[in-house]
Amino acid sequence: MTCLLEQYKFECRVSSVLNKNNKSYGKNYMFDNCPETCWNSDAGTPQWIIINFEQEYEVSLFEIEFQGGFVGRDCHLEVGNKETNFYESFYPEDTNAMQSFHLKNPIKAKTFKFVFNESTDFFGRIVIYKLCLYS
């Protein structure tokens, strides 16, 4: 099983970057397969990540590796394009381990938005080392 983000072209936008320091904590570090780099949001809630593919792909599973203490709470995935609007909650554990989340039903779309309404961090920061979507 290969991560769609490693196979296909996509754009990523994030809600914020810690101290606007993209060189050290930018969104690209979620996709570089380096265990020592990460995206680190700034303080505040909600935080979010938007993945836009060039074409539709079916997704049935996604994985996120957070830094413990900076994990999203009250999270949901919004999926959409011109024909589809979809919303599903997910519940990460406050841990450093890679976590897998199976969608109730696979969904085909171009845009996937991960929303973290709260954080285990008092200031609302989110830290993610790796994000992958799978068909």
Just so I know, are the side chains of Val59 and Leu77 near enough to count as touching, which here means a heavy-atom distance under 4.5 Å?
no

Side-chain touch Asn96/Gln67, heavy atoms, less than 4.5 angstrom:
yes

For a 4.5 angstrom cut-off between non-hydrogen side-chain atoms, does Phe66 reach Phe116?
yes

With a 4.5 Å limit on heavy-atom distance, are the side chains of Ile126 and Ile49 in contact?
no

How many angstroms lie between OH in Tyr134 and CG in Leu5, if you round to the nearest 0.5 Å?
9.0 Å

Donor-acceptor pair, distance only, cut-off 3.5 Å: does the side chain of Asp94 make one with the backbone of Gly68?
no

Between Ser60 and Ser135 (side chain of the first, backbone of the second, donor and acceptor by atom type, cut-off under 3.5 Å), is there such a pair?
yes

Between Met1 and Leu61, is any pair of side-chain heavy atoms under 4.5 Å apart?
yes

Smallest separation among heavy atoms of Cys12 and Lys27, with atom names
O-NZ, 2.8 Å

Same cluster or not: Ile50 versus Ile107, using hydrophobic residues (I, L, V, M, F, W, Y) connected whenever any side-chain heavy atoms lie under 4.5 Å apart?
no

Hydrophobic cluster identity match, Val79 and Phe10, side-chain contacts under 4.5 Å:
yes

Linking I/L/V/M/F/W/Y whenever their side-chain heavy atoms sit closer than 4.5 Å, directly or via other members, would Phe101 and Phe114 fall into one cluster?
yes

Testing Ile64, Thr37, Val14 for side chain to side chain contact (heavy atoms under 4.5 Å, CB included) with Met30, which one passes?
Val14

Distance col, row Asn28:CG vs Lys23:NZ, nearest 0.5 angstrom, shows 12.0 Å

State whether a side-chain donor-acceptor pair under 3.5 Å links Gln47 with Ser15.
yes

Tyr8 ring center within less than 6.0 Å of Phe53 ring center
no

With side chains defined as the heavy atoms from C-beta onward, is the minimum distance between Trp48 and Ser41 less than 4.5 Å?
no

Quick check on Glu58: does its CD atom have over 12 non-hydrogen neighbours (other residues, nucleotides or ligands) under 6.0 Å away?
yes

Value rounded to 0.5 Å, distance of CZ in Phe90 from CG in Asp74
10.0 Å

Ring centres under 6.0 angstrom apart (Phe112, Phe62):
no

So, does Ser119 use its side chain to make a donor-acceptor pair with the main chain of Arg125 at under 3.5 Å?
yes

Could you please spell out the steps behind the side chain to side chain donor-acceptor pair (under 3.5 Å) verdict for Asn52 and Lys110?
CA-CA 6 Å; Asn52 284 310; Lys110 289 182 179 182; over 6 Å; no

Under a single-linkage definition using a 4.5 Å side-chain heavy-atom cutoff for Ile, Leu, Val, Met, Phe, Trp and Tyr, are Tyr29 and Leu131 assigned to the same hydrophobic cluster?
no

What's the spacing between Asn40 CG and Asn19 CG if we round to 0.5 Å?
8.5 Å

Is there a side-chain contact between Ile51 and Phe31 in this structure, where contact means two heavy atoms from C-beta onward sitting under 4.5 Å apart?
yes

Heavy-atom side-chain contact between Asn117 and Val115 under 4.5 Å
yes

Can you name the nearest heavy-atom pair linking Tyr91 to Ser89, along with the distance?
OH-CB, 3.4 Å

Heavy-atom pair with the smallest gap, counting every atom of Tyr57 and Leu4
CB-CD1, 4.1 Å

Roughly how far, to the nearest 0.5 Å, is SG of Cys38 from NZ of Lys130?
14.0 Å

Can you give me the closest heavy-atom contact between Val71 and Glu93, atom names plus distance?
CG1-O, 3.5 Å

Counting only heavy atoms not in Phe70 (residues, nucleotides, ligands), do more than 12 fall under 6.0 Å from its CZ?
yes

So which atom in His76 and which in Tyr87 form the shortest heavy-atom distance, rounded to 0.1 Å?
CD2-CE1, 3.0 Å

Shortest non-hydrogen contact from Glu36 toward Tyr129:
C-CE2, 4.2 Å

